[in-house]
Amino acid sequence: MQLVQRSKRVLEAHLDNSSVRALSGSMVAYEGQISFKSAGFGGGEGVLAGVKQRATGEGLSLMECSGAGVVYFAHDAAQVTVVDLTGDTLQVESEQLLVLAGDLSTNVTFAGVRGMSTGQGLFTTTVTGRGQVGLLSRGGPLIHLEVNPQYPLVVDPDAFVCARGALSQSFVTDVSWRSAVGQGGGEAFSLRWDGTGVVSIQPAER
């Protein structure tokens, strides 16, 4: 089983009597003998995942694609990127997750309110294990920003896509930032990352 970037906006999953989990409704075509079923909400297993989904309002709905053949995935013409995990952990903004392939476990956490005017939540899916993750980015390809102890990174939560490495996340309220964009449309907070690692952002806001 392998994820291949077919084009800037289409991801292929090559299945050999194996399976992948993907964002519900993201399958645009398939070849071979493939079956599809619901795979829950990506917040863990069983009853706990369902309770967490209802409590947080998290909308990450996954489907499982199994069999032998090729499945093509895309979503809202967003650009796609494949990230390889070798036992490490990836923190992903849940709306940016497209495909999970391999021995990967997930957990969803609520990170806070993203926008002052919309009241939308920021949900982070923690992906751990060995395998591949297909990510979505809007406005162009992912931009990878390095973080080191001397230079912490502050990002707009609407632009944040994922983070990996020995990083800790905190929230900062930047009054000047909010004043520049207007109190009605400003962010409730910004995301600050400290430590050593890489944070990936998209060149567009959600």
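Quick note: numbers below take in every heavy atom, side chains included, and nothing from hydrogens, waters or symmetry partners.
- Residues A101 and M1 share a closest heavy-atom pair of CB-SD, 3.2 Å.
- A 4.5 Å side-chain heavy-atom check between R9 and H75 finds every atom pair outside the cut-off.
- Nearest heavy atoms, A78 versus S137: CB-O, 3.5 Å.
- Using a 4.5 Å cut-off on side-chain heavy atoms (C-beta onward), L11 and V4 make no contact.
- Both W193 and F171 are members of a single hydrophobic cluster when ILVMFWY side chains are connected at heavy-atom separations under 4.5 Å.
- With respect to R21 and E64, no salt bridge is recorded, no charged nitrogen being found less than 4.0 Å from a carboxylate O.
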Begin from the C-alpha positions of R192 and S170 and carry the test side-chain contact (heavy atoms from CB on, under 4.5 Å) through to its verdict.
CA-CA 5 Å; R192 173 174 168 146; S170 58; 3.6 Å; yes
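- Between F36 and M27 there is a side-chain heavy-atom pair separated by less than 4.5 Å.
- Atom CD of Q33 is surrounded by 12 or fewer heavy atoms from other residues, nucleotides or ligands within 6.0 Å.
- Distance check, rounded to the nearest 0.5 Å: CG of L15 to CG of L3 gives 9.0 Å.
- The backbone N or O of T86 lies less than 3.5 Å from a partner atom in the side chain of D88, making a donor-acceptor pair.
- Taking SG of C162 as the start and CD of Q91 as the end, the distance is 9.5 Å to the nearest 0.5 Å.
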Under the side-chain contact (heavy atoms from CB on, under 4.5 Å) criterion, do T89 and T126 qualify, and how do the steps go?
CA-CA 7 Å; T89 297; T126 301; 3.3 Å; yes
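- S190 places none of its side-chain heavy atoms less than 4.5 Å from the side chain of V155.
- Side chains of T106 and T125: a donor-acceptor N/O pair is absent below 3.5 angstrom, by distance only.
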Assess the residue pair V147 and L167 against the criterion (side-chain contact (heavy atoms from CB on, under 4.5 Å)); give the C-alpha distance rounded to whole Å, side-chain angles, the decisive distance to 0.1 Å, and a yes or no.
CA-CA 8 Å; V147 183; L167 295 170; 3.8 Å; yes
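- Atom CZ in F73 sits 10.5 Å away from atom CD in E12 (nearest 0.5 Å).
- A donor-acceptor pair under 3.5 Å links the side-chain atoms of S18 to the main chain of D16, judged by distance alone.
- Looking at every heavy atom in both residues, Q132 comes nearest to L104 through O-CD1, 3.5 Å.
- Nearest heavy atoms, S66 versus S19: OG-CB, 3.2 Å.
- To the nearest 0.5 Å, atom OH of residue Y30 and atom OG of residue S35 are 9.0 Å apart.
- P149 has its side chain within reach of T196: a pair of non-hydrogen atoms, C-beta onward, lies under 4.5 Å apart.
- The hydrophobic clustering, which links ILVMFWY residues whose side-chain heavy atoms are closer than 4.5 Å, places L145 and F160 together.
- Counted by atom type alone, Q202 and Q79 present zero donor-acceptor pairs between their side chains at under 3.5 Å.
- For the residue pair H144 and S200, a side-chain donor N or O sits within less than 3.5 Å of a side-chain acceptor on the partner.
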For E93 and V161: C-alpha separation, side-chain torsions, deciding distance, then whether side-chain contact (heavy atoms from CB on, under 4.5 Å) applies.
CA-CA 5 Å; E93 153 64 9; V161 174; 5.7 Å; no
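- V99 has its side chain out of reach of V133: every pair of non-hydrogen atoms, C-beta onward, lies at least 4.5 Å apart.
- Atom-to-atom distance recorded for L98:CG and L136:CG is 4.5 Å, nearest 0.5 angstrom.
- Hydrophobic cluster membership is shared by V82 and V71, with clusters built from Ile, Leu, Val, Met, Phe, Trp and Tyr side chains linked at under 4.5 angstrom.
- For the residue pair C65 and I34, the shortest heavy atom distance occurs at CB-CG2, 4.3 Å.
- The distance from the CG atom of L191 to the CG atom of L153 is 9.5 Å, given to the nearest 0.5 Å.
- No hydrogens or angles considered: nothing links the side chains of E146 and Y151 as a donor-acceptor pair under 3.5 Å.
- Side-chain contact between V80 and V10 is absent, with no heavy atoms from C-beta onward closer than 4.5 Å.
- Between V127 and L100, the closest side-chain pair of non-hydrogen atoms falls below 4.5 Å.
- Across S94 and V108, no two heavy atoms sit closer than the pair OG-CG1, 4.3 Å.
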